[in-house]
> 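My questions will all concern the structure given below.
Please read all numbers here as calculations on a predicted model, not as lab measurements. Letters A, B, ... are given to chains in the order of the sequence lines, protein chains preceding strands, and every chain is numbered from 1.
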2 protein chains.
Amino acid sequence: MAKPPKENSPITEHLAYLLAQANREINRQLELRLSKEGVPVEQWRILKVLSDGNGHSMGELADAVLLNHPTLTKMIDRMVSDTLVYRVQDPKDRRKVLMFISDRGKALCRRLNSLAVSQEEHIVESYGGKSTNELKRLLESLIGSAN
Amino acid sequence: MAKPPKENSPITEHLAYLLAQANREINRQLELRLSKEGVPVEQWRILKVLSDGNGHSMGELADAVLLNHPTLTKMIDRMVSDTLVYRVQDPKDRRKVLMFISDRGKALCRRLNSLAVSQEEHIVESYGGKSTNELKRLLESLIGSAN
DNA sequence: CGCCAATCCTTGAATATTCAATATTCTCAA
DNA sequence: TTGAGAATATTGAATATTCAAGGATTGGCG
């Protein structure tokens, strides 16, 4: 029943490869939609996480949006220049920087959400709602078991 | 039944995000294993595709290993320096370059396969063989429906 | 045939990411 | 209380990726 690939199996039978392939394709599609607003996928993730209105530290944010710390710092620099987000030093722990979303960021985030939702609707249409939900459930469980 | 996320849903409910997260985690684990041989995941993919012994053009290879053409060209440059693969101009169509794996590349590929298989066995152990197979099936089907 | 557009790969410049080191602040135990 | 070590974020240099352009070859149509 449990059946990992043999050593001479084609690469397409490896879970790691299938995940990379699916991720690449779905991400490419999403990127294409978000390009209407000239925003990379990572910035949408950042805005979405911050749109709860709470302050999030850089470390917390880096984990949440799947970016390394230095990469996030530089991306946040750009977003601050674009006045989408702003930094506030955490008064409780001054090593930390709390990130907040601006009004402009919120407005952009709403437009991006709408693009992202429309993409997922498109996937559900061609792939099926049942498959989509089942896939999400399995992915969540995989992520859970990997930690 | 079909239930795409609402616009205010957390990002963790988006398929695109779950795929990115799972891919990142599994890839990180695989990278860690392959680092015993000092080889990035992409080079393992290249060697694995070429290990059928046939010549593969750069374009074909780029698609198969999920890399853009210029990135592949530069990675192949390094692998040629390491004498893992070699280039041959396609006699049928001299615009093309056919890539072949060397004996040294084959030997390395065998060691890498063993590391990769052991990773997937580890996943099957903690995640379950049934879930793994079901997830693979769904991913294949998603990739199919996205093209 | 001869030419023009398309295909294939590579290159170089611009951009982005990563690694290692640094600065700052906090924690906690001596 | 203070000093060593941990945690947090940023920076700069090294590395890698991407974008746009170029050179070579082919296919096909006038």
> Look at A/K136 together with A/E120 and state whether they make a salt bridge at an N to O cut-off of under 4.0 Å.
yes
> Check whether any side-chain N or O of A/R94 sits under 4.0 Å from OP1 or OP2 of C/dC26, and answer yes or no.
yes
> Under 4.5 Å side-chain heavy-atom separation, chaining through any Ile, Leu, Val, Met, Phe, Trp or Tyr, what else clusters with A/L142? Say none if it is isolated.
A/L15, A/L18, A/L19, A/I26, A/I123, A/Y127, A/L135, A/L138, A/L139, A/I143, B/L15, B/L18, B/L19, B/I26, B/I123, B/Y127, B/L135, B/L138, B/L139, B/L142, B/I143
> Taking only heavy atoms on the protein side, list every residue of residues 46-62 of chain A lying under 4.0 Å from any atom of DNA chain D, sorted numerically.
A/S57, A/M58, A/G59
> Rounded off to whole Å, could you give me the CG-to-P distance for the A/D90 and C/dC26 pair?
9 Å
> Is a salt bridge present between A/E25 and A/R28, judged by a nitrogen-to-oxygen distance below 4.0 Å?
yes
> With a 4.0 Å cut-off, would you call B/R95 and B/D93 a salt bridge?
yes
> Output the single nucleotide from C/dT7, C/dT25, D/dT10 whose closest atom is nearest the side chain of B/R95.
C/dT7
> If I take atom CZ in residue B/R87 and atom P in nucleotide C/dC9, what distance separates them, rounded to the nearest angstrom?
11 Å
> Less than 4.0 angstrom from a charged side-chain N to a carboxylate O is my criterion; do A/D103 and A/K106 meet it?
yes
> Check this for me: does any side-chain nitrogen of one of A/R137 and B/E134 sit under 4.0 Å from a carboxylate oxygen of the other?
no
> Does A/V80 reach the side chain of A/Y86, with side-chain heavy atoms less than 4.5 Å apart?
no
> Between A/L108 and A/W44, is there a side-chain heavy-atom distance shorter than 4.5 Å?
no
> To the nearest angstrom, how far is B/K96 atom NZ from C/dA6 atom C1'?
13 Å
> For nucleotides 11-20 of chain C, just jot down a letter per nucleotide in 5' to 3' order: B, S or -, based on protein non-hydrogen atoms under 4.0 Å.
BBB---SBB-
> In whole angstrom, what separates A/D93's CG from C/dT27's C1'?
10 Å
